[in-house]
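Down below is the structure, laid out as structure tokens.
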Amino acid sequence: MADNRSFLHNKTLTRRRFLQISGLSATALGLSACTAATLPAAQENSRMAAAASPGAAAAVPAQLEFRLTARQTELPILPGAATQVLSYTGELIQGNPDAVTALPGSYLGPVVRVQRGDQMRVHVRNELSAPTTVHWHGLIVPPGAEDGHPAFPVAPGDELEIAFEVQNRPGAYWFHPHPHGLTAEQAYYGLAGLVIVSDAEEAALNLPAGAQDIPLVIQDRRFDGNNQLQYIAGGMAGMMDQMMGVLGDRILVNGQPEMTLPVATQPYRLRLLNGSNARIYKLAWEDGTPMTVIGADGGLLAAPLTLPYVMLAPGERVEVWADFAQQTVGSTVKLVSLAFEGVEAGMMGMMMGETGLANGAAFEVMTFAVNEAATSTLVLPARLLPVETLAASAAVNATAPRPFVFAMDDAMNWTINGRTFVMDEVAEDEKVRFGDTEIWELANLMAPPAAASGGMGGMAGMDHGQMQEGNGAMEGMAMGGGMAMQGGMRDFMAHPVHLHGIQFQVLGREVDDAQRVGWESVREGLVDQGWKDTVLLMPGERVRVIMRFEHYRGVYLIHCHNLEHEDSGMMRNFAIV
Ligand code: C2O
Ligand code: CU
Ligand code: CU
């Protein structure tokens, strides 16, 4: 096995950047949910005191307690040499033995099955050579260490105990690393698992269960001639990987290439997660059968939805009712990704499209091999689970949605409202009040708000030098960027926008006619129903979302879930105060 350090750090992490990252600590940064001056409530402080002290956390009985270890290992993926990967393993300490199961033969997993209301305790163990955190994507968890915020890294060799109550609706959530500047790389090498939440109300719906309830994690990866994963390449190609996000030319489902799943002639519940760093899928049945969607990021919808195809951006989940009852034994059914446009709308995207499998190209995702006759009495329910509708009129800013503009700035940084991520910074316009319902307008525009090029309101204390520094991989590009900008080479591409600590609802979308690219080729597959934590913004799109900040006070993150964008700074803290 190759040297641990060079394997993990590859070419992307300079020693200086590594030292910066490993030197971080929540206390040094002065950022802990507790110190965020903005947290007056006594009960909040005692909650955090409890979370900070393992002794106090242990006082709450857990229905599920397990150790989650991130480590390096190797396993066969392609014929021939084994592939070095990073992988989580789950080790049950207390609870139902079926609650933590491995995905056999895969670097992915474990799959954690919990009931809504369960107390969960996780011992996060880091056996990597770099710091890491575990983020519970989509789950409502306390801010800070429980949320896997990068200001709370777990050092190599360390173990961190976290505890939280499962509050989410029945659905599929997931977990992955979130260390500053290393998220994309650690996820790419294999770190990701699933949390499936159920409850009694869901059980009463009689949806396909057991072997007919199948999680499917879709990812793309690039392998070298020796079957090893290739992350960011050197030279010009590497610069484009960093800027556009890393794409692979092999599609893996649950870590398997050319995935074929044996099924019987009965209905299945497929829980699809896009676990890719940057690739967006336009999922469809190859034979043109419409897709029956029953769930989104935040769990089951109010009623099934029939769409010609389903868009799935990095971080998003959809649940699909797939009924193979009409198929003949011996036939196959393919799930494909159809061609679409606009994901890479700028110059770099066009250059990128010349090599490998472009974002928006058509390909096969996986095959269902119908190999067994079955009779099933399951029927698709006309109503699923109630979804409370958040009315726009309930928002404190109903007439003035809070804007978040996702765009590339003049120095070729991917920004949010003209800013990049600063670990301990929350601007005034990034603070919301606990208990409020707000509308946010997430916009994917050609350029950041004009004010951003100078010092903008609320940016006091932002040090531009510091802003660039955490960003080793982009340094070379900034130089080329100046030249490129003179040639009008500002880039423009789709951004899947994700919020921590909350589930929101999509109120509506508007597309700017002058800036739209490719929208028509994806619009019918956007699942805007139900609860969401990640939403795709196509170039030129403004998406209005509504949410209620009712769970915890503290600092959470908003970021692009194109993981290379996230790592390069298209991420900001926001505070619920
Ligand atoms: Cu799935 Cu902050 O990410
Ligand atoms: Cu998340
Ligand atoms: Cu992005």
Side-chain angles (χ1 to χ4, degrees), residues 132-144 146-152 168 172-184 186-188 191-195 217 219 241-247 273-280 297-298 312-317 342-346 348-349 359 404-409 412-416 420-421 442-446 448 474 491-504 531-539 541 543 555-574:
T132 195
T133 74
V134 175
H135 167 59
W136 306 89
H137 181 128
L139 290 184
I140 304 299
V141 300
E146 288 88 346
D147 188 43
H149 190 287
F152 296 79
N168 288 72
Y173 305 85
W174 65 301
F175 54 94
H176 61 76
H178 224 298
H180 184 45
L182 294 171
T183 297
Q186 291 186 0
Y188 184 87
L191 292 173
L194 289 157
V195 179
V217 183
Q219 297 175 311
D241 282 345
Q242 190 68 50
M243 175 159 294
M244 310 305 294
V246 170
L247 297 172
L273 158 67
N274 182 351
S276 310
N277 281 30
R279 185 175 295 281
I280 298 168
D297 298 341
L312 200 63
E316 285 187 307
R317 288 86 67 210
V343 176
E344 295 165 353
M348 296 288 272
N359 213 344
F404 288 86
V405 176
F406 293 75
M408 177 175 274
D409 71 8
M412 293 182 93
N413 297 305
W414 290 113
T415 61
I416 302 178
T420 54
F421 182 64
L442 313 172
N444 179 354
L445 303 179
M446 203 81 93
M474 297 291 280
D491 226 295
F492 191 35
M493 64 182 288
H495 301 291
V497 173
H498 170 55
L499 270 67
H500 286 210
I502 197 104
Q503 291 281 334
F504 54 78
W531 292 99
K532 297 281 294 168
D533 54 58
T534 309
V535 65
L536 175 61
L537 308 189
M538 288 296 282
E541 225 178 5
V543 181
V555 175
Y556 289 100
L557 294 166
I558 174 171
H559 63 86
C560 178
H561 220 286
N562 175 314
L563 295 181
E564 283 71 30
H565 289 187
E566 171 187 333
D567 274 351
S568 73
M570 199 177 219
M571 173 160 84
R572 291 291 297 176
N573 288 313
F574 73 94

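Order of appearance sets the numbers: ligands from 1, and atoms from 1 within every ligand. Heads up: numbering here begins at 1 and tracks the sequence.
Under 3.5 Å, the side chains of Asn277 and Glu564 contain a donor-acceptor pair of N or O atoms. His178 and Asp147 are not linked by any side-chain donor-acceptor pair at a separation below 3.5 angstrom, with hydrogens and angles left out of the test. A donor-acceptor contact closer than 3.5 angstrom is absent between the side chains of His135 and Thr183. With no hydrogens or angles considered, no side-chain donor-acceptor pair links Thr415 and Asn413 at under 3.5 Å.
Among the backbone and side-chain atoms of His178, no N/O/S atom is found under 2.8 Å from atom 1 (Cu) of ligand 1. Inclusion of His561 in the first shell of atom 1 (Cu) of ligand 1 is supported: an N, O or S atom falls under 2.8 Å.
Note: angle at the Cu ion (ligand 2), from NE2 of His135 to NE2 of His498, is 170° (rounded to 10 degrees). With the Cu ion (ligand 3) as the vertex, atom ND1 of His495 and atom ND1 of His565 span an angle of 110° (nearest 10 degrees).
Distances from atom 1 (Cu) of ligand 1 to the N/O/S atoms of His137 are shortest for ND1.
Between the side chain of Asn168 and the backbone N or O of Gly298, no donor-acceptor pair lies under 3.5 Å.
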